[in-house]
Colleague: 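Have a look at this one before I ask anything.
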Amino acid sequence: MAEALRLAEKGLFTTQPNPRVGCVIVRDGEVVGTGWHEKSGGPHAEIVALREAGDRTRGAAAYVTLEPCSHHGRTPPCADALIAAGISRVIAAMQDPNTLVAGSGFARLRAAGIEVESGLMQEEAAALNCGFVSRMSRGRPWVRMKIAASLDGRTALANGRSQWITGPEARRDGHAWRARACAVLTGIGTVMNDDPQLDVREIETTRQPLKVVIDSRLQLPPTAKLLRNGRVLVATAVEDESRRSALQDKGAEVVVVPNARGKVELTDLMRELGRRELNEIHVEAGTKLNGSLLRENVVDELQLYLAPGILGDTARGMFTLPELSDLAQKRLVQFDGVQAIGGDIRILAKVINQ
């Protein structure tokens, strides 16, 4: 199963909106076929592994990181292919959270006399597909917020300058996380201050993520760098046909999702992104939007790069949040990993939403 998960990781940047899946077929203690899902519309991991195994599938066991599908989507059901190949045992890391499958793949295999087990390395499999699991179970993507800061938690000087707090290795690592996401999300403040491109440049990739800009008053200038290439979605709270047309002329799509305060309703926006089959959202924003996303409980994970420097209290922080009167009001996180990236430290932490 560990090998199947390693194979699944090969699709880290390419399988969207599908899950990342790997498969290993074993007969008489020997691996006879391996496969992984590369991209939507292409063969699933089980099919690739079965093709490699050929006539050695009879009586073999299939280790797969996700329950084999049982429905006709872009490709035929993998459960049927395993049955036809004579597989005698299927060991899956986890059940598919997609309601179109959700146990029916296992049921079909068992009905054909195949022994089925589930749960082996389930946590690792779920983590690899956190976005897919989130979209299927909650109707919204997994939201990962990336922040580069000094050791004392400052993201920019008081005058707004922030390039570069972290070193080149951390920036390259950040682009790798951009590449695995379905969309990179930022706010209009960051666009006006920094005019970012928001694309993947530091590593090779065959797919650029969607760029999402939260722009309540539709202020995004048509000259913004992020509009020069790639797909752009602008979320706003106002109906302004003139500004909308100017952005659409640049190839952007505009969606109106207002709340009662005249801002973008963040929860509704996340549901809209889920409806568009986006699994993972990579946030690179300023302190105000960071704070708003955190307050609205739509942030699932923090990805912090801490640099070996101190900027002091006058510099800008990570989140704009209301003042707390009691330590019991603090937001809690669960540390998942700490790693040195060049001269900086990367911290991954799950947000414990209330």
Colleague: Using atom types as modelled and distance alone, determine if a side-chain donor or acceptor of Gln329 lies under 3.5 Å from a backbone N or O of Ser325.
Modeller: yes
Colleague: Is Arg172 salt-bridged to Glu202, cutoff N-O under 4.0 Å?
Modeller: no
Colleague: Side-chain heavy atoms nearer than 4.5 Å, only ILVMFWY residues, links allowed to pass through others: does that put Trp36 and Ile47 together?
Modeller: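 Shared cluster, no.
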Colleague: Answer yes or no: does atom CG of Asp249 have more than 12 heavy-atom neighbours from other residues, nucleotides or ligands under 6.0 Å?
Modeller: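 Yes.
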Colleague: Show the nearest heavy-atom pair for residues Arg154 and Ile165, with the distance to one decimal.
Modeller: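 Arg154 and Ile165 have their closest heavy atoms at O-CD1, 3.6 Å.
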Colleague: Given salt bridge (charged side-chain N to carboxylate O under 4.0 Å, His left out), test Arg276 with Glu253 step by step and report yes or no.
Modeller: CA-CA 13 Å; Arg276 292 167 181 257; Glu253 181 181 357; 2.8 Å; yes
Colleague: Keeping the roles fixed (side chain from Asp336, backbone from Ala349), state whether a donor-acceptor pair exists under 3.5 Å.
Modeller: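 Checking the backbone N and O of Ala349 against the side chain of Asp336, no donor-acceptor pair under 3.5 Å is found.
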Colleague: Donor-acceptor check, side chain of Glu115 to backbone of Ser88, threshold 3.5 angstrom: yes or no?
Modeller: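 Looks like no, no N/O pair under 3.5 Å.
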Colleague: Got a second to check how far Thr15's OG1 is from Arg180's CZ, nearest 0.5 Å?
Modeller: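 The distance works out to 10.0 Å.
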Colleague: Taking the side chain as every heavy atom from C-beta outward, state whether Gln303 and Tyr305 have any atom pair closer than 4.5 Å.
Modeller: yes
Colleague: First locate atom OG1 of Thr155, then atom CD1 of Ile147, and finally report the distance between them rounded to the nearest 0.5 Å.
Modeller: 7.5 Å
Colleague: Please lay out, stage by stage, how Met1 and Ile91 fare under the test side-chain contact (heavy atoms from CB on, under 4.5 Å).
Modeller: CA-CA 8 Å; Met1 187 63 76; Ile91 304 93; 4.0 Å; yes
Colleague: Before giving the answer on side-chain contact (heavy atoms from CB on, under 4.5 Å), spell out for Leu66 and Met94 the whole-Å C-alpha distance, their side-chain angles and the decisive distance to 0.1 Å.
Modeller: CA-CA 5 Å; Leu66 187 69; Met94 61 179 289; 3.6 Å; yes
Colleague: Are more than 12 heavy atoms, taken from residues, nucleotides or ligands other than Glu204, located less than 6.0 Å from that residue's CD atom?
Modeller: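 Result for CD/Glu204: open.
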Colleague: Are Leu289 and Thr186 packed together at the side-chain level, in the sense that at least one heavy-atom pair is separated by less than 4.5 angstrom?
Modeller: no
Colleague: Side-chain contact, heavy-atom cut-off 4.5 Å: Glu280 with Arg144?
Modeller: yes
Colleague: When you check the gap from the basic side-chain N to the acidic O, do Asp240 and Arg217 get nearer than 4.0 Å?
Modeller: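 Between Arg217 and Asp240 there is no salt bridge, as every charged N stays at least 4.0 Å from the carboxylate O atoms.
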Colleague: Nearest 0.5 Å, please: how far is CG in Asp96 from SG in Cys69?
Modeller: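 Answer rounded to 0.5 Å: 8.0 Å.
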Colleague: Using a strict 4.0 Å threshold on nitrogen-to-oxygen distance, state whether Glu38 and Lys10 make a salt bridge.
Modeller: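 A salt bridge is absent here (no side-chain N lies under 4.0 Å from a carboxylate O).
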Colleague: Is it true that Ile83 and Tyr63 fall in one hydrophobic cluster, defined by side-chain heavy atoms closer than 4.5 Å?
Modeller: no
Colleague: How many angstroms lie between atom CG of Leu227 and atom NZ of Lys211, to the nearest 0.5 angstrom?
Modeller: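 Rounded to the nearest 0.5 Å, the CG-NZ separation comes out at 7.5 Å.
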Colleague: Checking the side chain of Asn129 only, and the main-chain atoms of Val133 only, is there a donor and an acceptor separated by less than 3.5 Å?
Modeller: no
Colleague: Please lay out, stage by stage, how Phe335 and Ile347 fare under the test side-chain contact (heavy atoms from CB on, under 4.5 Å).
Modeller: CA-CA 7 Å; Phe335 291 121; Ile347 300 174; 3.7 Å; yes
Colleague: Supply the atom-to-atom distance Leu304 CG to Leu348 CG, rounded to the nearest 0.5 angstrom.
Modeller: 8.5 Å
Colleague: With a 4.0 Å cut-off on N to O distance, would you call Glu241 and Arg244 a salt bridge?
Modeller: yes
Colleague: Quick one: does Thr205's side chain have a donor or acceptor within less than 3.5 Å of a partner on Ala179's backbone?
Modeller: no
Colleague: Should the pair Arg201-Asp199 be classified as a salt bridge under the 4.0 Å nitrogen-to-oxygen rule?
Modeller: yes
Colleague: Once you round to the nearest 0.5 Å, how far does OG1 of Thr34 lie from CG of Leu50?
Modeller: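 Between atom OG1 of Thr34 and atom CG of Leu50 there are 11.5 Å.
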Colleague: Ignoring hydrogens and geometry, is there a side-chain-to-backbone donor-acceptor pair from Arg56 to Ala53 under 3.5 Å?
Modeller: yes
Colleague: Would you check if the side chain of Ser40 reaches a backbone N or O of Gln16 as a donor-acceptor pair within less than 3.5 Å?
Modeller: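 No, because the side chain of Ser40 does not come within donor-acceptor range (under 3.5 Å) of the backbone of Gln16.
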Colleague: State, to 0.1 Å, how close Gly262 and Ser216 come at their nearest heavy-atom pair, and which atoms those are.
Modeller: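 Closest heavy-atom pair between Gly262 and Ser216: O-CB, 3.9 Å.
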Colleague: Considering non-hydrogen atoms only, spot the tightest contact between Val351 and Arg331 and give its length.
Modeller: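 Result for this residue pair: CG1-NH2, 3.9 Å.
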Colleague: Please check this pair: side chain of Arg207 against backbone of Phe13, looking for a donor-acceptor N/O pair closer than 3.5 Å.
Modeller: yes
Colleague: What heavy-atom pair brings Leu273 and Pro141 nearest, and what distance separates the two atoms?
Modeller: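 Reported closest heavy-atom pair: CB-CG, 3.9 Å.
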Colleague: Taking the side chain as everything from C-beta on, heavy atoms only, tell me whether Arg231 gets closer than 4.5 Å to Val212.
Modeller: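 Arg231 does not reach Val212 side chain to side chain.
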Colleague: Would you find a donor on one side and an acceptor on the other, under 3.5 Å apart, between the side chain of Arg140 and the backbone of Ser134?
Modeller: no
Colleague: Does Ile345 have more than 12 heavy atoms from other residues, nucleotides or ligands lying within 6.0 Å of its CD1?
Modeller: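 Result for CD1/Ile345: open.
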Colleague: Are Leu185 and Ile188 grouped together when hydrophobic residues (ILVMFWY) are joined by side-chain heavy atoms under 4.5 angstrom apart?
Modeller: no
Colleague: Is any NZ, NE, NH1 or NH2 atom of the basic residue among Arg89 and Glu117 found under 4.0 Å from an Asp or Glu carboxylate oxygen of the other?
Modeller: yes
Colleague: Of all heavy-atom pairs between Val200 and Pro209, which one has the smallest distance, and what is that distance?
Modeller: CG2-CD, 3.8 Å
Colleague: Answer yes or no: is there a side-chain heavy-atom contact under 4.5 Å between Asp80 and Arg108?
Modeller: yes
Colleague: Can you get from Phe319 to Val298 by hopping between Ile, Leu, Val, Met, Phe, Trp and Tyr side chains that sit under 4.5 Å apart?
Modeller: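 Yes: a chain of side-chain contacts under 4.5 Å links Phe319 to Val298.
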Colleague: Taking the side chain as every heavy atom from C-beta outward, state whether Val21 and His44 have any pair of such atoms under 4.5 Å apart.
Modeller: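 Counting from C-beta outward, Val21 and His44 never come under 4.5 Å.
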Colleague: Using the salt bridge (Lys or Arg N to Asp or Glu O under 4.0 Å) rule, pick out the option among Lys350, Arg135, Arg138 that qualifies with Asp300.
Modeller: Arg138
Colleague: Checking Glu284 against His282: is there a side-chain donor and acceptor pair closer than 3.5 Å?
Modeller: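 Checked: His282/Glu284 side chains pair up, N/O donor to acceptor below 3.5 Å.
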Colleague: What I want to check is whether the side chains of Arg20 and Asn279 have a donor and an acceptor closer together than 3.5 Å.
Modeller: no
Colleague: Among the clusters formed by ILVMFWY side chains lying less than 4.5 Å apart, do Val184 and Val264 turn up in the same one?
Modeller: no
Colleague: Check whether any side-chain heavy atom of Pro221 sits under 4.5 Å from a side-chain heavy atom of Met192, and report yes or no.
Modeller: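 The answer is yes, as the side chains (C-beta and beyond) meet within the 4.5 Å cut-off.
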Colleague: Please report the C-alpha distance between Val24 and Leu7 in whole Å, then the side-chain angles of each, then the deciding distance to 0.1 Å, and finally whether the side-chain contact (heavy atoms from CB on, under 4.5 Å) criterion is met.
Modeller: CA-CA 9 Å; Val24 174; Leu7 290 166; 3.9 Å; yes
Colleague: Measure the shortest side-chain to side-chain distance between Thr236 and Val255 over non-hydrogen atoms and say whether it is less than 4.5 angstrom.
Modeller: no
Colleague: Looking at Leu128 and Glu9, what are the two nearest heavy atoms and their distance?
Modeller: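 So the two residues come closest at CD1-CG, 3.7 Å.
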Colleague: Give a yes or no answer on whether the side chain of Thr287 reaches the backbone of Thr320 with a donor-acceptor pair at less than 3.5 Å.
Modeller: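 The answer is no, because no donor-acceptor pair under 3.5 Å joins these two groups.
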